[in-house]
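Please find one structure pasted underneath; my questions will follow.
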Amino acid sequence: MRSRTPVLPLIVLLAAASAAGAQEQIVKIGHVAPLSGPIAHLGKDNENGARMAIDALNAKGLTIAGKKLKFQLLAEDDGANPQQATAVAQKLVDAKVNGIIGHLNSGTTMPASTIYNTNGIPQISPSSTNPKYTQRGYKGAFRVVANDEQLGGALGRYAAGPLKLKTVAIIDDRTAYGQGVADEFAKAAKAAGIQVVSRQYTNDKATDFNAILTAIKGKSPELVFFGGMDAVGGPMLRQMKQLGIAAKFMGGDGICTEQLPSLAGAGLGDEQVVCAEAGGVEESQKKVMDTFRADYKKKFGADVKLYAPYVYDATMVMVDAMQRANSTEPGKYLPELAKTRYQGVTGVIEFDARGDMKNGTLTLYTFRGGKRSQIAVVR
């Protein structure tokens, strides 16, 4: 008579599965960026950076307090809209996320941060640069890029120094980011002896700039500074060319993208644009960044657009703090997050008492032959 392998009772199998599940802890990381609207390409880039980090963390098989961690990314779209951002923030709070990576824009990061702060959830923005984000005393608010005070100052000094420019017209899109970076540039430019001959305003969905550009043309500025994103800056460059405005064009990281040449078309002349990216990789870090970019392209079939490496680092920094605290509970790992010193893809990440980057880097770029070209990494 053939022997048979005994069949375990169903209740025993269920008990074993339950025990295995009890040894696995789900860690929910919320990520928010605009996945719809004119800068959705930047939002998707951010989300991809978060997905790379989550996949890398799960591959490591990390444990805390004897439990294997399983990281889940809860990705949401704020449409670069402050009202949508607060609704999404509350949704993630209700989902009991362990931490937030985002938002992309200053104008969405700041209103959402109030909700995260009220609920004690740490937030690391990979790209919001408005100084006010970290100036309100929220203990859980951090960023992994330089702020607009640093960025505006660097651009103002570069315009007055190496470029030797004397006059500038300033345009901003009235968003928290656009107005913030334009204001900081104006301060730095004036301090460096540059005369602001015109201050004009648009919005982040505008496509027709003839009125403000015509007003600017009459002032004959050597430089036009734009506070806003590439989706507006590109068409603005096209119309500047149509109106015969030959001034140099300057802006922050919002216009400093690989998409600017296609958005600007024939409006983008060689070395006409100078922009600064909040962050930057010095020579010692270049090989690591090149590897990240190659891995990103292999995974997503596209090049890094702008902030993905900073999103990746922000996610890793948050989890590093959890490991050091031996806890994924926001209230327990937050003190460790504030004490961070982490070697990331983008360089060493440390925070000051406000949650800003210590000694953050900035990268100056121009465009030649339709390609972005690095000028220098500065601090």
Side-chain angles (χ1 to χ4, degrees), residues 129 148-175 177-204 206-257 260-261 263-278 362-368 370 372-373 375-376 378:
T129 55
D148 288 337
E149 290 175 337
Q150 297 161 303
L151 190 146
L155 286 172
R157 290 189 296 272
Y158 190 79
L163 295 182
K164 295 181 170 53
L165 301 177
K166 302 296 185 185
T167 57
V168 60
I170 299 175
I171 307 169
D172 76 68
D173 66 1
R174 296 285 85 181
T175 64
Y177 164 71
Q179 183 176 352
V181 72
D183 286 347
E184 294 301 334
F185 172 80
K187 288 181 197 174
K190 288 175 183 176
I194 297 175
Q195 181 186 2
V196 177
V197 296
S198 181
R199 185 73 191 253
Q200 300 288 336
Y201 311 102
T202 183
N203 65 72
D204 60 349
T207 57
D208 183 0
F209 314 103
N210 274 294
I212 59 175
L213 290 177
T214 298
I216 284 171
K217 184 178 180 180
K219 303 289 185 178
S220 302
E222 296 173 286
L223 173 70
V224 173
F225 183 94
F226 173 58
M229 308 300 282
D230 60 358
V232 175
M236 188 178 291
L237 276 163
R238 287 178 184 265
Q239 291 176 36
M240 282 175 60
K241 183 175 178 63
Q242 290 166 2
L243 289 170
I245 299 174
K248 283 192 175 291
F249 192 78
M250 184 175 276
D253 46 5
I255 70 162
C256 218
T257 70
L260 186 67
L263 291 164
L268 182 62
D270 281 356
E271 300 189 2
Q272 179 186 3
V273 172
V274 175
C275 56
E277 184 178 294
L362 296 153
T363 307
L364 297 175
Y365 291 95
T366 189
F367 290 82
R368 301 184 184 100
R372 194 174 73 161
S373 177
I375 299 172
V378 298

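The model shown is predicted, which means the values in this text are computed figures rather than measured ones. Position 1 is the first residue of the sequence; numbering continues from there.
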- Between the side chain of Y201 and the main-chain N/O of Q179, is any donor-acceptor distance below 3.5 Å? no

- Query: For the residue pair A247 and P221, what are the closest heavy atoms and their distance?
  - Reply: CB-O, 3.4 Å

- Under the side-chain contact (heavy atoms from CB on, under 4.5 Å) rule, what do Y177 and D148 come out as? Steps first, then yes or no, please. CA-CA 8 Å; Y177 164 71; D148 288 337; 4.2 Å; yes

- Donor on one side chain, acceptor on other, D204 and T175, under 3.5 Å: no

- Note on the structure: Closest heavy-atom pair, G228 versus I255, reported as atoms and distance to 0.1 Å, is O-CG2, 3.7 Å

- Item | side-chain contact (heavy atoms from CB on, under 4.5 Å) assessment of T257 paired with M229 | CA-CA 9 Å; T257 70; M229 308 300 282; over 6 Å; no

- Item | Shortest non-hydrogen separation from C275 to G252 and the atoms involved | CB-O, 3.9 Å

- Does a salt bridge link E222 with K164, judged by any charged N lying under 4.0 Å from a carboxylate O? no

- Donor-acceptor contact present, side-chain Q200 to main-chain A211, <3.5 Å: no

- May I ask you to decide if G153's main-chain N or O and K187's side chain share a donor-acceptor pair within less than 3.5 Å? no

- Between the side chain of T167 and the main-chain N/O of Q195, is any donor-acceptor distance below 3.5 Å? no

- Does D208 use its side chain to pair, donor to acceptor, with the backbone of N210 at less than 3.5 Å? yes

- Task: Let me see the working for L223 and F249 under side-chain contact (heavy atoms from CB on, under 4.5 Å), right down to the final yes or no.
- Result: CA-CA 6 Å; L223 173 70; F249 192 78; 5.8 Å; no

- Task: Could you tell me whether the side chain of F225 reaches within less than 4.5 Å of the side chain of V181, counting heavy atoms only?
- Result: yes

- Task: Considering only NZ, NE, NH1 and NH2 on the basic side and carboxylate oxygens on the acidic side, decide whether R199 and D172 come within less than 4.0 Å.
- Result: yes

- Steps toward side-chain contact (heavy atoms from CB on, under 4.5 Å) verdict (Q272, F367): CA-CA 7 Å; Q272 179 186 3; F367 290 82; over 6 Å; no

- Does M240 reach the side chain of L213, with side-chain heavy atoms less than 4.5 Å apart? yes

- Query: Taking C-beta and beyond as the side chain, do M250 and L163 meet within less than 4.5 Å on heavy atoms?
  - Reply: yes

- Task: Using a 4.5 Å cut-off on heavy atoms from C-beta on, say whether the side chain of V168 contacts that of V224.
- Result: no

- Query: In Å, rounded to the nearest 0.5 Å, how long is the span from NZ of K166 to CD1 of I194?
  - Reply: 8.0 Å

- Is there a donor-acceptor pair closer than 3.5 Å between any side-chain N or O of N203 and the backbone N or O of A206? yes

- Note: L362 and A154 closest approach over all heavy atoms is CD1-CB, 3.7 Å

- Item | Cation over ring face, R372 and Y365, 6.0 Å, 45° | yes

- Query: Can you tell me if E277 uses its side chain to pair, donor with acceptor, with the backbone of D253 under 3.5 Å?
  - Reply: no

- Spatial distance of atom CG (L268) from atom CG (L263) [nearest 0.5 Å]: 10.0 Å

- Donor-acceptor pair, K217 side chain versus L243 backbone, under 3.5 Å? yes

- Message: Under a 3.5 Å cutoff, is there a donor and acceptor pairing between the side chains of T202 and D173?
- Response: no

- Note on the structure: Tightest non-hydrogen contact, residues A192 and A160, listed as CB-CB, 3.4 Å

- Item | Where A276 and L364 come nearest, the two heavy atoms and their spacing | CB-CD2, 3.8 Å

- Find out whether I171 and I216 are in side-chain contact, i.e. whether some heavy atom of one side chain is under 4.5 Å from a heavy atom of the other. yes

